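All values derive from a computational prediction rather than experimental measurement. Whatever order the structure lists them in is the order used to number ligands and atoms, beginning at 1.
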Amino acid sequence: MQDTVFELLSCDAIAKNTYRWILKGDTSQVTAPGQFVNIKLDGFYLRRPISVCDVEGDLLTIIFKVVGEGTEKMAEAKA
Ligand SMILES: Cc1cc2nc3c(=O)[nH]c(=O)nc-3n(C[C@H](O)[C@H](O)[C@H](O)COP(=O)(O)OP(=O)(O)OC[C@H]3O[C@@H](n4cnc5c(N)ncnc54)[C@H](O)[C@@H]3O)c2cc1C
């Protein structure tokens, strides 16, 4: 596992309680289907695992549903 800092390029609501993040950074560790990122959020001890939806060059897309405090904070994030 590699710790990487990604830049959040966009956070869009795409369906009810469902959001898409597009992130920019070093995606070289994403090499196979089924991988996930473990997202560290300020103020939360545990990381939130979210599956990789798409990778293209240095852009990484994830899609998540708001179910609790962590994903609620993620949904409020600004680019
Ligand atoms: C390997 C892996 C990959 C994942 N990929 C995705 C993904 O691509 N997209 C995505 O939306 N989620 C994904 N999840 C689930 C996601 O990690 C959780 O929804 C998230 O961590 C919840 O964090 P929270 O702080 O919002 O909720 P918490 O505060 O941790 O939980 C709030 C409440 O919601 C319940 N809850 C938590 N998760 C879920 C859930 N998934 N469904 C229903 N109830 C839940 C809890 O039991 C609790 O009652 C993945 C989980 C794993 C383990």
Taking the side chain as every heavy atom from C-beta outward, state whether Val66 and Tyr19 have any atom pair closer than 4.5 Å.
yes

Give a yes or no on whether Ile22 and Met74 share a hydrophobic cluster (residues Ile, Leu, Val, Met, Phe, Trp, Tyr; joining criterion: side-chain heavy atoms under 4.5 Å apart).
no

Would you say Phe36 and ligand 1 have an N/O pair spaced under 3.5 Å apart?
no

May I ask you to check whether Ile50 has an N/O atom sitting below 3.5 Å from an N/O atom of ligand 1?
no

Under 4.0 Å from atom 35 (C) of ligand 1, do we find at least one protein heavy atom?
no

In terms of atom number and element, which parts of ligand 1 are under 4.0 angstrom from non-hydrogen atoms of Ser51?
3 (C), 4 (C), 5 (N), 6 (C), 7 (C), 8 (O)

Judged by heavy atoms only, the candidate from Arg48, Glu72, Arg47 nearest atom 20 (C) of ligand 1 is Arg48

Test your reading of the model: is there a side-chain donor-acceptor pair from Asp26 to the backbone of Ser28, 3.5 Å cut-off?
yes

Residue-level breakdown please: for Phe64 versus ligand 1, do any non-hydrogen atoms fall below 4.0 Å on the side chain, on the backbone, on both, or on neither?
both

Residue, atom and distance of the protein heavy atom nearest atom 2 (C) of ligand 1 read Pro49 CB, 3.9 Å

Could you see which bit of Thr18 sits under 4.0 Å from ligand 1, with heavy atoms only: side chain, backbone, both or neither?
neither

Element-labelled atoms of ligand 1 that are located less than 4.0 Å from some non-hydrogen atom of Lys65
10 (C), 11 (O)

Can you pull out the closest protein heavy atom to atom 38 (N) of ligand 1? Residue, atom name and distance to 0.1 Å, please.
Val67 CG2, 3.5 Å

What do you reckon, is CD of Glu69 surrounded by more than 12 foreign heavy atoms closer than 6.0 Å?
no

Between Pro49 and Phe36 the two heavy atoms that sit nearest each other are CB-CD1, 3.7 Å

